[in-house]
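One structure is given here, and the rest of the page talks about it.
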Amino acid sequence: MDAMTFVLFGATGDLAKRKIFPALYRLYIDGKTPERFSIVGSGRREMNDAAFRQQVEQSLTAYSRRPADDRSKVDAFLELFRYCAADASVGTDYRKLLELVEKREGEQNIPQNRLFYLSVAPDFFDVIALHIAESGLGKGSGWKRLIIEKPFGHDLKSARRLNEKLSQAFEEDEVYRIDHYLGKPMVQNLEALEYANPVIQALWNNHYIANVQITASEIVGVEERAGYYDTSGAIRDMFQNHMLQLLMMIAMHLPHMTERDVRAGKRRIVESIRCVSPEEAGSSVVRGQYVAGEVQGKAVPGYTDEPGVAPSSQTDTFVAARLWLDDPFWEGVPFYIRTGKRLKEKSTRIVLEFKNPRGAMHLCGTEQCDPNLMIIEISPNVGVVLRLNSKNLLQEGKLEPIMVDFCANGKDIPEAYEILLSDALQGDATFFAHWNEVEQSWKWVQPVLEAFERNLVPLYSYPAGSNGPEAAGRLLEQDGFTWW
Ligand SMILES: NC(=O)C1=CN([C@@H]2O[C@H](COP(=O)(O)OP(=O)(O)OC[C@H]3O[C@@H](n4cnc5c(N)ncnc54)[C@H](OP(=O)(O)O)[C@@H]3O)[C@@H](O)[C@H]2O)C=CC1
Ligand SMILES: O=C1O[C@H](COP(=O)(O)O)[C@@H](O)[C@H](O)[C@H]1O
């Protein structure tokens, strides 16, 4: 791996503390960071290197998935870090940053390969990218890369504007748009699941699959993020990015997951999603907002009583939708997506429901056999469950669903940020979102946003701790299905 400098903007923030430092540490102890490696953190507040390293160490203690108890390794890791206070909107501060980066490159004999990570509020994404270009930080003799956090735009127009500005400073192949769902190990396993198993591969199409369901349900509410969430809602926070990325990943057919193939495959799928007009949105999109209820035995307030949320807020904390793909493999197969906060359980999963075989009725003894399912558990459970029908010999041979379960729960599975950071260090953008995918996702979401604004889609209430609004169930019932 190339020697490099990792420049982290927002190094004093929440994401750095909870995800980025623990992921870097884990990569470091696993030998997955470059031999010559410099990490320069930057934030607005004044701090010396020792205080910064102390913050990094605290984050390892609090959030590392394995205890950071090998003192010599922790010390060696912390020694990689330096800090530079800089205000992102002040041009001259980038000179200070450049001086520190160059000083460390000189001390460690590191070529001018620089990876910039923008873990800051979205308002700063374009500002920092342009300053990187102007200040000389981005004009070294080595390569440069930019990792950018979500959200990528607030709507189609602002996403395009942001991309236009980024492209003045970075080429598309230098930009790594993080979508941490793409780093989840089970999402990265989809290729193997399909292509290393002919039994599954043969069934992965509209001849055998009746519908596909993608769920990301959360038990948490808006937490301390009302300022951001109340202007975003579930549609921007989860649907436009994570949920549509999962759809692309499950629907593309790719025997080889090279960077180019994946990007082309995802693009083909996202472009095939049939758009709805604002007027049509009401028949295929359900939105909801939680009211007070009970989650895991604890009473919790409704969304509009959460700190920082306007009492009259109409923000969606739940979205469900039916999407159709104009793609030969998936013609006639509905894709159902739902995501929401303050639901009954924490679960991200994809369920493939298979069509019922003709002529098996005599075995089932009823009009319909229970459908076979393939359940891909993404998090917190990780694994695959197959639901098959089998005779129960203790019940006079009655046909019953049985579960064949391959779960990796409890194993020491890498975190999404670890996997994605490792890819970015190596220059592999396979599991990052390309601009085409982002733009196309916004194109599907934009008319829905308009429908929400014009109140063309009712805002249903659902009690915290439930499965969401009943209307989400009706969306599938109309087609003869049910959520799994
Ligand atoms: N936290 C999370 O779980 C997730 C966050 N994200 C995204 O990651 C990004 C960072 O989020 P998060 O860490 O939560 O945010 P925080 O508010 O916790 O941290 C913001 C960081 O930006 C710095 N900052 C603020 N203003 C300036 C400025 N004018 N100049 C330079 N630095 C500045 C802060 O430094 P200082 O405090 O020293 O001023 C701080 O380091 C956002 O884009 C967010 O959407 C994405 C997914 C999850
Ligand atoms: O990006 C986000 O994701 C989290 C859910 O992530 P998960 O890995 O726990 O499934 C969500 O809570 C948050 O609102 C959103 O911004």
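For the single chain, residues carry numbers from 1 onward in sequence order. Numbering of ligands and ligand atoms starts at 1, following listing order.
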Got the closest protein heavy atom to [atom], with its distance?
atom	answer
atom 9 (O) of ligand 2	Lys346 NZ, 2.9 Å
atom 1 (N) of ligand 1	Asp14 OD2, 2.8 Å
atom 47 (C) of ligand 1	Glu149 OE1, 3.9 Å
atom 21 (C) of ligand 1	Gly10 CA, 3.7 Å
atom 9 (C) of ligand 1	Val120 O, 3.4 Å
atom 16 (O) of ligand 2	Asp237 OD1, 2.6 Å

>> As an exercise, identify every atom of ligand 2 less than 4.0 angstrom from a heavy atom of His242.
In response: 1 (O), 2 (C), 3 (O)
> What atoms of ligand 2 come within less than 4.0 Å of a heavy atom belonging to Lys184?
Replying inline: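 Near Lys184, meaning under 4.0 Å from one of its heavy atoms, ligand 2 has 7 (P), 8 (O), 10 (O).
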Looking at [X], which atoms of ligand 1 are within less than 4.0 Å of one of its heavy atoms?
X	result
Phe124	26 (N), 27 (C), 28 (C), 29 (N)
Gly13	13 (O), 18 (O), 19 (O), 40 (C), 41 (O)
Arg45	36 (P), 37 (O), 38 (O)
Thr12	34 (C), 35 (O), 36 (P), 37 (O), 38 (O), 40 (C), 41 (O)
Arg18	1 (N), 2 (C), 3 (O)
Ala86	30 (N), 31 (C)

> Is there any N or O on Lys341 that sits under 3.5 Å from an N or O of ligand 2?
Replying inline: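 In this structure, Lys341 places an N or O atom under 3.5 Å from an N or O of ligand 2.
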>> Can you check which of Lys150, Arg225, Glu46, Lys17 brings a heavy atom nearest to atom 44 (C) of ligand 1?
In response: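 It is Lys150 whose heavy atom sits nearest to atom 44 (C) of ligand 1.
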>> Heavy atoms only: which of Glu218, Arg225, His180 lies closest to atom 13 (C) of ligand 2?
In response: Arg225
Yes or no: does [X] have any heavy atom under 4.0 Å from an atom of ligand 1?
X	answer
Tyr228	no
Phe9	no
Ser42	no

Between [X] and ligand 1, does any nitrogen or oxygen pair lie at a separation below 3.5 Å?
X	value
Ser89	no
Leu15	yes
Pro151	no
Ala88	yes

> Is there a protein heavy atom less than 4.0 Å away from atom 17 (O) of ligand 1?
Replying inline: no
For a 4.5 angstrom cut-off between non-hydrogen side-chain atoms, does [X] reach [Y]?
X	Y	result
Ile20	Leu24	yes
Met374	Ile376	yes
Met248	Met252	no

> With under 30° as parallel and over 60° as perpendicular, where do the rings of Trp444 and Phe239 fit, or are they tilted in between?
Replying inline: parallel
> Mind checking whether Tyr25 and Phe77 have parallel, tilted or perpendicular rings, split at 30° and 60°?
Replying inline: perpendicular
> Between Phe152 and Trp435, is the gap from one ring center to the other below 6.0 Å?
Replying inline: yes
> Taking the six-membered ring for Trp, is the centroid-to-centroid distance between Tyr28 and Phe37 below 6.0 Å?
Replying inline: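 Aromatic pair excluded; centres sit 6.0 Å or further apart.
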>> I want to check a possible cation-pi pair here: Lys17 against Tyr63, using under 6.0 Å from ring centre and within 45° of the ring axis as the test.
In response: no
> ligand 1 versus Phe152, non-hydrogen atoms closer than 4.0 Å: side chain, backbone, both, neither?
Replying inline: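 Neither part.
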> Just heavy atoms, cut-off under 4.0 Å: does Arg44 contact ligand 1 by side chain, backbone, both, or neither?
Replying inline: both
> Are the side chain of Trp204 and the backbone of Ile250 linked by a donor-acceptor contact shorter than 3.5 Å?
Replying inline: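 At least one qualifying donor-acceptor pair exists.
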So, [X] versus [Y]: side-chain donor-acceptor pair below 3.5 Å or not?
X	Y	result
Arg338	Thr215	yes
Tyr462	Asn467	no
Lys266	Gln245	yes
Gln426	Ser422	yes
Arg236	Gln240	no
Asn241	Tyr181	no

>> Glu377 vs Ser347, test: side chain to side chain contact (heavy atoms under 4.5 Å, CB included). Steps then yes/no.
In response: CA-CA 8 Å; Glu377 296 278 6; Ser347 173; 4.1 Å; yes
>> Taking only non-hydrogen atoms of Glu223, do any sit less than 4.0 angstrom from ligand 2?
In response: no
> Rounded to the nearest 0.5 Å, what separation is found between the CD atom of Glu353 and the CG atom of Leu373?
Replying inline: 6.0 Å
> At under 4.0 Å between heavy atoms, which part of Tyr181 makes contact with ligand 2: side chain, backbone, both or neither?
Replying inline: side chain
